[in-house]
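Each ligand, and each atom within it, is numbered from 1 in the order the structure gives. Remember, it's a predicted structure, so these values are computed and weren't measured experimentally.
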Amino acid sequence: MNLTETQLSILKLINLHREISRKELSFRSGLSQAAVTNITKELIEQKYIVEGRERISSGPGRKEVFLHSNPDRFRYLGIDIGGYRVRFAISDNNLNLLYQLDAPMADYLHEPNKLEALVSRINDFLQQNGVSPHSLDAIGVGVTGIVNTEQTRILDIPNVAFWDDLPIVSTLQQAYGCPVFLEEGGRTMALAERLVGQAKDVDNFMVVHFGKGIVAGMMINGHLIRGASNVGGLLGHITVDEKGPRCMCGNYGCLEMYGPFQIIEEKYLELDSTYTSLVEAYEQNNKIALDVCIEAGNSIGIALSNVVNLFNPQCIYLGGHLFDSLPLVLDELKRTVRRRANRFANVILEIEMNTFGDLEGIYGALTLAKSKLIS
Ligand SMILES: [Zn+2]
């Protein structure tokens, strides 16, 4: 992109908002209205942004035109690699999903070369949807695992074997000839909440997604938490009971052994054979089912209370179908946090559902592509 720093700062502001007027751009950037008018004219000519709806401003009868990013300017591929499934999605520049595909991680089990297999599946996905591989402007990859500090390689995916030390960025760059950005999955979710979700004005927050594993990302003072070697934020592997069962990571009693839906269901089925599904038992107010939900909510609440006491976030955004089908887990989790976290931290803390539900990870990967390309 051949943009000056000032043009770029205005473009970023426009991208941060669904729509924004020139007047507000001037207010938020500190530039004069005349300067903003010039810059936005250039950005429109270069097709980065477009004019949208109009409204009569509060001033002396002047019309105000809203600007937003040009949906057709860039096209992104988002790749969300979890321990149990791999998702692809293509979006326009406004992150509207155009095509998506969801496949189990097990499909890759017998592939000797994981990245070759990934590229081949992406090619199939693009071809099926009539998208040319050379029409992509940027690719964002979120991975539920450990990424190296340079953010070029997947070092490890804890819940799946043989995805170790893979140079995914260079492989995809070579295959598609566009910029490729890699980030840990929870952090991409935090980016999505911050840039296009509910956390636009929230500087301190955490995103936690409960799938078959647990993914978390955290932003403190507006910055993603990474730690010294890019490993920070492994909430799923915080110990909630040192005498607990052994986790895939090798440790004992990790939150991942208590929080995910299938673990809670397995616990119920071990204790009771009245129903074959936890949700059914739960809906019938089966006491054993309710008890395992309370126990799970309590364990998640203990882990989150520790995080609240350490980082004092303003909001925790939760996701996962677990909370839709077993709302008692959510109630108990909230009760535990209220009971155990510091009361001054609790005063400000809100616990909400995330913006994109089950698609949080794929929006994360796409947001990563867009935000990195534009910065
Ligand atoms: Zn673990």
**Student:** Mind checking whether F125 and Y99 have ring centres under 6.0 Å apart?
**Tutor:** no

**Student:** Is it true that F261 and H321 have ring centroids separated by less than 6.0 Å?
**Tutor:** yes

**Student:** If I only include protein atoms of type N, O or S, how many are less than 2.8 Å from the Zn ion (ligand 1)?
**Tutor:** 4

**Student:** With a 4.0 Å cut-off on N to O distance, would you call R85 and D358 a salt bridge?
**Tutor:** yes

**Student:** Can you tell whether the side chains of D92 and K370 come within less than 4.0 Å, N to carboxylate O?
**Tutor:** no

**Student:** Quick one: does any side-chain atom of N298 pair with a main-chain N or O of E332 as donor and acceptor, under 3.5 Å?
**Tutor:** no

**Student:** Could R22 and F66 be counted as a cation-pi pair, given that NZ or CZ must be under 6.0 Å from the ring centre and within 45° of the axis?
**Tutor:** no

